[in-house]
Structure formats: structure tokens, C-alpha cells
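The next block holds one structure in the form of C-alpha cells; read it before the comments.
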2 protein chains.
Amino acid sequence: MPLPQTEQPGRLQAELMSRGMRMTRQRRIILSVVETAKQHLDASQILRKARKLDAKVDRVTVYRTLNLLKRHGLIDELDLMHLQGEKHFYERRPQRDHIHMACLRCGKIAEFESNLFDRLKGEIQRECRFHIVVTRLEVGGYCADCRVMPAS
Amino acid sequence: MPLPQTEQPGRLQAELMSRGMRMTRQRRIILSVVETAKQHLDASQILRKARKLDAKVDRVTVYRTLNLLKRHGLIDELDLMHLQGEKHFYERRPQRDHIHMACLRCGKIAEFESNLFDRLKGEIQRECRFHIVVTRLEVGGYCADCRVMPAS
DNA sequence: TTAAGTGCAAATATTTTGCTGTCAC
DNA sequence: GTGACAGCAAAATATTTGCACTTAA
């Protein structure tokens with residue numbers, strides 16, 4: 001499992017401001033929700049949490065802010081194997097990429113960092129002469145708790 | 001790049017029939033479209049191609065057939081990094097998993113098989129005690145042709 | 001001051017569901 | 001003959017766009 005990401009409160013805000021983006025009340029709220037999330041959130045969950053902080057945040061502003069963060073490479077978009085329908089989930093772009101494992105039975109999402117993954121990315125860049133900007137490795141299957149034992 | 005998948009016409013149909021699914025005129029057509037596709041198709045493209053073979057295929061039947069194939073693990077669903085919006089793309093599940101690389105500039109999709117990827121999957125199964133059913137590794141970036149050279 | 005950002009309404013895109021009639025087996 | 005499947009219409013879900021108003025810088 002990855003180590004807990006070093007807390008850097010206000011980091012997203014600082015990044016956007018350094019790139020000349022205006023910092024509105026709504027953006028500050030949405031950024032703080034994304035930044036302090038303990039698990040992967042979709043747009044509706046982000047909206048709900050943002051509205052707890054300020055009831056006047058609009059759904060459209062959430063989408064527009066998420067797109068802004070995506071364009072700047074500050075967050076990653078996940079599908080989590082479409083276990084929850086077609087929602088997208090978001091997380092701050094980590095310093096080191098990790099793999100998402102989605103349990104098809106209990107729905108639990110686990111994360112995993114791996115040197116092999118880092119090496120695989122290097123191989124892709126070299127062998128395919130492909131300059132990687134973003135990766136997404138999602139795995140669906142059964143976690144240790146849900147693992148179906150061979151017919152016994 | 002993966003070797004061209006050994007042609008196995010009617011393989012999907014045979015698989016479904018062996019599992020007790022009924023083989024209707026519509027299914028046969030949709031399966032043949034999926035099976036003979038030269039590139040990754042989304043639901044609308046599959047519908048269009050199916051209708052060239054038989055104008056009476058309904059969009060809903062395409063979705064229901066794709067879901068059937070997914071449930072049986074006979075096709076894989078791809079997002080291709082959402083370069084084309086939120087469409088899903090489909091391909092017959094290959095004998096050996098491969099990586100999809102999507103160029104953010106020209107949109108080209110390349111595929112890549114790798115021993116490191118196979119080893120990574122093995123590592124995930126062992127280290128995380130996670131039984132893998134399906135994987136999706138998508139990479140966004142710049143292909144050799146579109147690669148932006150360092151400021152020169 | 002003014003260009004960027006917001007909110008609201010409406011549109012768009014994709015996929016699913018309910019129900020009735022049809023067809024594979 | 002019967003239960004699985006198809007077609008049609010409508011709904012559900014997720015996201016984007018147009019435009020007038022607001023606000024950060």
C-alpha cells in the first residue's frame with residue numbers, strides 16, 4: 001500500500017494560483033474537498049461535501065473545476081472498473097503512480113505501488129518511443145476477503 | 001506490438017452457445033461485427049456496422065449483447081483515456097493482456113505486450129492476495145510522431 | 001475596469017429499463 | 001410450447017454548453 005500522501009494543505013490552490021488562475025470562493029472550497037478526501041470521490045460526492053461548506057456551490061462549477069485540475073495534471077480521473085456505473089472518481093495526482101484494485105464482490109478499492117510498474121512505464125517509454133503523461137492501471141478481481149476458494 | 005490475433009471466426013458465437021445462450025439473428029450479426037473489427041469500436045459504431053448487415057438491429061440489442069459478452073468475459077471494455085469523450089470501446093479479450101497507449105495529440109491508439117506487465121500482474125496476485133479477473137492499463141501521452149522535442 | 005468565473009436552464013451523450021410481442025430451442 | 005430475446009419508448013445517469021450576472025485582480 002502506498003504511504004499516506006504527505007499532507008500539503010492548500011497545495012492545489014497554490015499550484016493553480018502560480019499558473020495564473022483566479023482563486024474564487026467556490027474554487028477554494030472544491031479544492032479543499034478534493035485535497036482532504038479520504039477516499040476516491042465522484043463529482044456528486046464532491047458537490048455534496050462542497051455544499052456542506054457553502055450551500056451556494058453549483059454542480060456545474062464542480063465539473064468546471066475538475067476539468068481545470070485535469071487539464072493542469074493536478075488530479076487523475078479513475079473509472080474503478082465501472083463497478084459503480086459510469087461515474088468518474090478523482091484523486092490528487094500522487095508523486096508515484098499506483099495501481100487500483102477493485103473487488104468485484106465487496107467493491108473495496110485497494111492501492112498498490114510497485115517497482116515493476118515503474119519499470120514497465122520506463123519500458124513503454126523506451127521501446128515504444130512514447131512519452132508518457134498519465135497512466136491508469138485498474139484491476140478487477142477478488143480481494144483476499146472475498147476470494148472464492150477452489151470448489152471444495 | 002501484439003501479433004495479430006489468430007483468426008477464429010465464429011468463436012464468440014461458439015462460446016456463447018456452449019454456455020447455453022440462444023443464438024439469434026441479431027446476436028450473430030453483432031458478434032461478427034465485434035469479431036472482425038480492425039480497430040476498437042464503440043457501441044454506436046458497432047450499431048452502424050451491424051445495420052449495414054441487417055437494418056433491423058436495435059441499439060438496445062447492441063448494448064444488451066455487449067453486456068452479455070462482458071459478463072462472460074469474452075470482451076474487454078476500454079476507455080482509451082477518454083480521448084473521445086465518455087464512450088466505451090470494445091475488443092475481444094486477447095489471449096495475452098496488452099497495454100493501450102493513446103496519443104493526446106493525434107489520437108492514435110497503440111498496443112503493447114510486455115513480460116514486465118505479466119510479471120506485475122503476478123506480483124499483484126501474490127503480494128496483495130488479489131485474484132485478478134480483468135485488467136486495464138491505459139497510458140496517455142505523445143507517440144513518436146507527435147513527441148514534442150525539448151525546447152530547442 | 002474587465003476578463004475570467006459562476007449559476008441557472010437547457011442541451012447532449014451514453015446507457016438502462018419496462019413492457020409487449022416474437023422467436024430459438 | 002415456453003422462456004429467452006428483440007424492439008420501441010421512455011427513463012436514468014453523467015456531463016457540457018449558452019448566456020446573463022458577478023467578482024477577482
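Protein chains get the first letters and strands the later ones, always in sequence-line order, with residue 1 at the start of each. Everything numeric in this text was worked out from a predicted model, so none of it was measured.
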In this structure, how many angstroms lie between the C1' atom of dA4(D) and the CZ atom of R22(B), rounded? 4 Å
Return no unless some side-chain N or O of T61(B) is found under 4.0 Å from OP1 or OP2 of dG7(D). yes
E113(A) vs H98(A), side-chain hydrogen bond (donor to acceptor under 3.5 Å, both in side chains): CA-CA, chis, key distance, verdict: CA-CA 5 Å; E113(A) 288 181 350; H98(A) 54 255; 4.9 Å; no
Can you tell if the side chain of L120(A) reaches within under 4.5 Å of the side chain of L137(A), non-hydrogen atoms only? no
What is the distance from NE2 of H82(B) to C1' of dT15(D), rounded to the nearest Å? 12 Å
For a quick test of reading the model: is some side-chain N or O of T24(B) closer than 4.0 Å to OP1 or OP2 of dA6(D)? yes
Name the first nucleotide and the last nucleotide along DNA chain C (5' to 3') that come under 4.0 Å of a heavy atom in chain B. dT14(C) to dC25(C)
Taking the basic N atoms (NZ, or NE/NH1/NH2) and the acidic carboxylate oxygens, is any pair closer than 4.0 Å for R136(A) and D97(A)? no
Going through the distances and angles, do R27(B) and T61(B) end up as a side-chain hydrogen bond (donor to acceptor under 3.5 Å, both in side chains)? CA-CA 8 Å; R27(B) 277 192 186 161; T61(B) 302; over 6 Å; no
Rounding to a whole Å, what distance do you find between L69(B):CG and dC5(D):P? 12 Å
Please check: side-chain N/O of D79(A) versus main-chain N/O of M81(A), any donor-acceptor pairing under 3.5 Å? no
Between R28(A) and K87(A), who's closer to the 5' end of DNA chain D by nearest nucleotide? K87(A)
Taking C-beta and beyond as the side chain, do H88(A) and L78(A) meet within less than 4.5 Å on heavy atoms? no
Could you tell me whether R119(A) and E123(A) have a side-chain N and a carboxylate O separated by less than 4.0 Å? no
Take Q84(B) and H40(B), measure what side-chain hydrogen bond (donor to acceptor under 3.5 Å, both in side chains) needs, and give me the verdict at the end. CA-CA 12 Å; Q84(B) 327 264 328; H40(B) 307 109; over 6 Å; no
Taking N or O atoms only and anything under 3.5 Å, show me the protein contacts with nucleotides 16-22 of chain D, one pair per line.
from    : atom 1 : to     : atom 2 : distance (Å)
dT16(D) : OP2    : N67(A) : ND2    : 3.3

Indicate yes or no: at least one non-hydrogen side-chain atom of V134(A) is less than 4.5 angstrom from one of R93(A). yes
Separation of R71(B) atom CZ from dA4(D) atom C1', in whole Å? 12 Å
At how many degrees, to 10°, do the end axes of the helix from dT1(C)-dA25(D) to dC25(C)-dG1(D) meet when each uses five pairs? 40°
Separation of dA9(D) P from D58(B) CG (nearest whole Å): 9 Å
5'-most by nearest nucleotide on DNA chain C - S44(B) or K56(A): K56(A)
Separation of dT15(D) C1' from D42(A) CG (nearest whole Å): 12 Å
Report yes or no: is the cationic atom of K87(B) (NZ for Lys, CZ for Arg) under 6.0 Å from the centre of the six-membered ring of F89(B), at an angle within 45° of the ring normal? no
Take H131(B) and Q125(B), measure what side-chain hydrogen bond (donor to acceptor under 3.5 Å, both in side chains) needs, and give me the verdict at the end. CA-CA 6 Å; H131(B) 179 247; Q125(B) 305 228 53; 4.9 Å; no
Could you check how far CG of L47(A) sits from P of dT15(D), rounded to whole Å? 12 Å
